[in-house]
Amino acid sequence: MVAITLPDQSVRQFDKPVSVAEVAASIGAGLAKAALGGKVDGKLVDTSFVIERDAALAIVTDKDADGLDMIRHSTAHLLAYAVKELFPDAQVTIGPVIENGFYYDFSYKRPFTPDDLAAIEKKMGELAKRDIPVSRKVLPRDEAVAYFKGLGEDYKAEIIASIPANEDVSLYSEGDFTDLCRGPHVPSTGKLKVFKLMKVAGAYWRGDSKNEMLQRIYGTAWAKKEEQEAYLHMLEEAEKRDHRKIGKQLDLFHMQDEAPGMVFWHPKGWAIWQQVEQYMRTVYQDNGYQEIRCPQILARSLWEKSGHWENYKDNMFTTESEKHDFAIKPMNCPGHIQVFNSDLRSYRDLPLRYGEFGSCHRNEASGALHGIMRVRGFVQDDGHIFCTEEQITDECVAFNQLALKVYDDFGFKDIAIKIALRPEKRIGSDDTWDRAENALRDALKASNVEWTELPGEGAFYGPKIEYHMKDSIGRSWQCGTMQVDFSMPGRLGAEYVDDHSARQTPVMLHRAIVGSLERFIGILIENHAGSLPAWLAPVQVVAMNVTEHQAEYVNQVVAGLKAAGFRVQADLRNEKISYKIREHSLQKVPFQLVLGDKEMQAGTVTARIRDGKGGGENLPAMSLDAFISHLKAEIAAKR
RNA sequence: GCUCUUGUAGCUCAGUGGUAGAGCACUCCCUUGGUAAGGGAGAGGCCACGCGUUCAAUCCGCGUCAAGAGCACCA
């Protein structure tokens with residue numbers, strides 16, 4: 001007798017071992033048809049899996065996250081099947097599930113073209129329609145190696161050969177195609193209905209840049225057509241919001257060949273920058289940080305002490321003067337330690353918090369550069385806190401609160417917090433790491449927030465908290481970080497005098513909230529699709545005349561708004577009012593003042609608001625003072 | 001850095017082995033028009049850079065630089 005416990009805790013008795021498919025069929029024909037796999041005592045299996053003894057079973061369908069993963073994984077195999085049909089001499093390698101889809105890497109004598117992709121996708125559709133059964137069999141490892149070697153699939157053979165010799169491996173077959181795979185897979189290709197191949201690109205065999213470059217085909221797959229359409233729509237939306245495109249359209253910045261990875265900020269882009277920087281400056285001022293400024297270029301001897309010359313040289317721009325080597329700073333922390341060291345510090349001075357909008361340069365690999373999101377020259381809201389080990393938790397609690405407030409002010413409400421824990425390669429004793437990691441956990445616990453932990457992802461000198469913000473189309477960006485560092489203060493000779501007159505080395509906390517301002521502004525642009533809220537908008541108000549009679553009145557209004565501290569422009573051009581409105585609408589100006597004879601005679605302004613519903617919406621005509629109050633309220637609310 | 005793709009007017013893009021075209025933007029003229037493009041004329045390019053092949057190269061080949069996608073990288 002086999003007793004199967006279903007998720008609703010009901011128990012079904014079977015008089016002999018029973019497959020997942022049979023259990024599904026015993027529940028209902030609909031479920032039998034929908035079943036993609038099963039979860040037996042928490043382990044995902046195929047529908048053909050035979051349950052030999054009492055177990056808990058959940059039937060997996062496309063309504064479960066596990067089911068969707070199975071669909072994606074099986075679609076990756078379908079892709080490989082189609083490629084082998086069309087290009088028999090291509091070799092298969094691996095094909096995992098990734099976020100929103102899957103990929104499969106092939107070794108082939110030439111790159112696949114877009115035409116190839118279309119042909120492969122068509123073939124996949126045909127193979128899916130034929131509803132070919134997918135079957136699983138198990139072979140001893142050595143037999144499997146021989147099998148794939150015999151097929152000329154050297155990469156597969158290599159993968160299997162790295163599995164321990166005494167283990168069996170599972171093979172999945174559909175039609176003439178057999179692939180090594182841990183599984184599980186959907187029972188037949190007909191379950192795969194919604195998929196699309198996205199792009200092809202190179203990728204290294206086993207992810208190592210020393211290895212051969214393979215052809216990677218990316219695809220997306222979903223349970224329902226509408227889900228795929230929503231996903232494709234999101235991608236389109238992301239493309240429309242591309243900060244590089246909007247940066248050009250709104251005349252915010254440009255980049256050119258002579259300065260790869262570095263930004264030329266135009267007046268409007270720099271206006272945004274100034275808003276962000278000035279805002280972050282008040283954050284420093286209001287939270288116990290002292291702003292400082294350190295040199296851009298420091299001598300090699302300092303970088304040798306800090307360890308950068310040895311470990312980070314490839315990423316630093318170096319220069320030389322009168323036979324001495326220098327490096328342009330890639331980060332601000334060594335400079336901040338110099339300021340700390342410039343005086344004899346007491347434990348009473350701690351925690352000592354320094355902040356800097358320091359310009360840093362890193363020689364990033366050319367292929368890593370991306371618009372203003374990944375650059376070689378950048379500025380961070382970089383701060384360092386010198387404190388004692390006992391103070392770490394309190395400082396992290398305060399920082400956590402501050403970071404969340406800043407994200408909220410910028411309109412990011414959905415923040416995921418993670419702690420990156422000790423990596424394999426690290427310095428410091430396990431005891432120190434225990435204390436540091438627990439200090440971060442305690443801080444987040446005390447802050448009453450939830451977090452996830454990332455084992456092995458910490459920096460070599462200490463663990464860190466990471467802040468990931470979700471943007472308006474659901475993408476996640478890591479910006480803020482709080483890192484505990486037990487190493488650099490000692491290396492660079494930072495000390496303070498404790499309450500027994502003994503010299504101690506402080507702990508240093510590296511922290512940033514927005515991170516690189518370049519990148520953060522890129523994120524802001526994409527998050528708002530260029531329509532920045534009034535407090536950040538480079539031009540907050542444009543005042544325009546309907547005919548030239550009101551030119552003088554426009555100038556008066558503009559002068560009044562300027563005096564009130566707003567970023568405002570006049571548009572007195574000899575163009576129709578609808579033409580001007582269109583232009584400033586495309587420029588995403590939040591408020592457009594249309595000033596004609598009506599307004600001039602009444603001494604009022606009519607404001608057309610950007611964020612109104614439909615094509616365009618006006619505020620009621622009001623006095624200039626009333627409009628100034630309205631604008632001030634908008635800006636104060638950071639809407 | 002690696003693989004593939006790309007580089008033509010300020011912008012978005014056509015195009016050809018015989019030194020180039022459109023729309024928008026720009027300048028001038030007409031127009032003074034009330035909520036997303038009024039009309040006309042004009043100016044504007046060493047076709048990324050260098051070296052080859054050719055009678056002739058923006059186009060073909062090689063190299064360099066830069067950009068894009070992905071990979072690797074992000075201490």
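Computed from heavy atoms alone, side chains included, the values below leave out hydrogens, waters and symmetry copies.
If you check every strand for non-hydrogen atoms under 4.0 Å, A/E239 touches nothing. Among the heavy atoms of the strands, none lies under 4.0 Å from A/Y461. Using a 4.0 Å heavy-atom cutoff across all strands shown, A/G458 reaches no nucleic acid atom at all.
Judged by a 6.0 Å distance limit and a 45° cone about the ring axis, A/R511 is not positioned over the six-membered ring of A/F399.
The two residues A/G261 and A/V375 have their closest heavy-atom pair at O-CB, 3.1 Å. The heavy-atom pair separating A/H308 from A/M331 by the smallest distance is NE2-SD, 3.2 Å. The minimum heavy-atom distance between A/L235 and A/M198, with the atom names listed, is CD1-CE, 3.4 Å.
Nearest to the side chain of A/S578, among B/A72, B/U32, B/A36, sits B/A36. Across B/G70, B/A36, B/G34, the shortest atom-to-atom separation from the side chain of A/M213 is found for B/G70. When each of B/A72, B/G70, B/U31 is scored by its nearest atom to the side-chain atoms of A/A201, the top-ranked nucleotide is B/G70. Checked against B/G7, B/A75, B/G34, the side chain of A/V546 finds its nearest nucleotide in B/G34. Comparing B/A75, B/U32, B/A69 by their nearest atom to the side chain of A/E548 picks out B/U32. Closest to the A/E364 side chain, of the nucleotides B/U35, B/U32, B/C73, is B/C73. The side chain of A/S585 approaches B/A36 more closely than any other nucleotide in the set B/A36, B/G33, B/C26. Listed nucleotides B/A75, B/A36, B/C71 differ in distance to A/Y312; the shortest reach to its side chain belongs to B/A75. The side chain of A/E575 sits closest to B/G38 out of B/G1, B/G34, B/G38. For A/R374, the side-chain atoms get nearest to B/C73 when compared with the rest of B/A36, B/A75, B/C73.
Here the C1' atom of nucleotide B/C24 and the CZ atom of A/R582 are 10 Å apart, to the nearest Å. In this structure, the CG atom of A/L117 is 14 Å from the C1' atom of B/U5, given to the nearest Å. Taking atom CD1 of A/I581 as the reference point, atom P of B/G34 lies 11 Å away to the nearest angstrom. Summarising the geometry, the separation between CD1 on A/I577 and P on B/U31 is reported as 20 Å, rounded to the nearest angstrom. One can place CZ of A/R608 at 15 Å from P of B/G34, the figure rounded to the nearest angstrom. The distance between atom CD of A/E583 and atom P of B/U35, rounded to the nearest whole Å, is 17 Å. Between A/R376 atom CZ and B/C73 atom P the separation is 18 Å, expressed in whole Å. In this structure, A/L369 atom CG and B/A72 atom P are separated by 17 Å, rounded to whole Å.
Between A/F264 and A/H254, a ring centre-to-centre spacing shorter than 6.0 Å is recorded. Aromatic ring centres of A/W222 and A/F195: separated by at least 6.0 Å.
Nucleotides B/C29 and B/G21 place their C1' atoms 26 Å apart, quoted to the nearest Å. When the P atom is used for both B/U19 and B/A57, the distance is 11 Å, rounded to whole Å. Rounded to whole Å, the C1' atom of B/U5 lies 24 Å from the corresponding atom of B/A9. Spacing between B/C2 and B/G44 at atom C1', rounded to whole Å, works out to 40 Å. One C1' atom belongs to B/U8, the other to B/A67, and the distance between them is 15 Å to the nearest Å. Comparing the same atom, C1', in B/A14 and in B/U35 gives a spacing of 35 Å after rounding to whole Å. Rounded to whole Å, the separation between the P atoms of B/U3 and B/G63 comes to 11 Å. Atom name C1', nucleotides B/U58 and B/U16: the rounded distance is 9 Å, in whole Å.
A donor and an acceptor atom never sit less than 3.5 Å apart when one is taken from the side chain of A/N618 and the other from the base of B/G34. If you check distances only, the side chain of A/Y103 never reaches the base of B/G70 with a donor-acceptor pair under 3.5 Å. Not a single donor-acceptor contact under 3.5 angstrom links the side-chain atoms of A/R216 to the base of B/A69. Interface remark: the A/Q550 side chain does not form any donor-acceptor pair with the B/G34 base, using a distance-only criterion of under 3.5 Å.
Annotation for A/K268: atom NZ counts as buried by contact number, over 12 foreign heavy atoms lying within 6.0 Å.
In this entry B/U6 has B/A66 as its Watson-Crick or G-U wobble partner, both defining distances falling under 3.5 Å. Nucleotide B/C47: unpaired (no Watson-Crick or G-U wobble partner with both distances less than 3.5 Å). In a base pair of the Watson-Crick type (N1 to N3 plus N6-O4 or O6-N4) or a G-U wobble (N1-O2 and O6-N3), with each distance short of 3.5 Å, B/G18 is matched with B/C55. When both distances must be under 3.5 Å, the Watson-Crick or G-U wobble mate of B/G33 does not exist. Searching all strands for a Watson-Crick or G-U wobble partner of B/C11 with both distances below 3.5 Å returns B/G23.
Put simply, A/R244 has a side-chain N or O that comes within less than 4.0 Å of OP1 or OP2 on B/G68. Note on A/K199: a side-chain N or O is less than 4.0 Å away from OP1 or OP2 of B/G70. Distances shown here put a side-chain N or O of A/Y579 below 4.0 Å from the OP1 or OP2 atom of B/A25. An OP1 or OP2 oxygen of B/G1 is reached within less than 4.0 angstrom by a side-chain nitrogen or oxygen of A/S366. At B/G1, none of the side-chain N or O atoms of A/Y204 fall inside 4.0 Å of OP1 or OP2 (strictly under the cut-off). Neither OP1 nor OP2 of B/G70 sits under 4.0 Å from any side-chain N or O of A/H370. For the OP1/OP2 pair of B/U12 and a distance below 4.0 Å, the side-chain nitrogens and oxygens of A/K248 include at least one atom meeting the criterion.
Taking the six-membered ring where tryptophan is involved, the planes of A/H336 and A/Y354 are perpendicular, since the angle between them exceeds 60° and thus also 30°.
For the pair A/R567 (side chain) and A/A537 (backbone), a donor-acceptor distance under 3.5 Å is present.
Comparing A/L214 and A/G596 by the nucleotide of RNA chain B that holds the closest heavy atom to each, the one mapping nearer the 5' end is A/L214.
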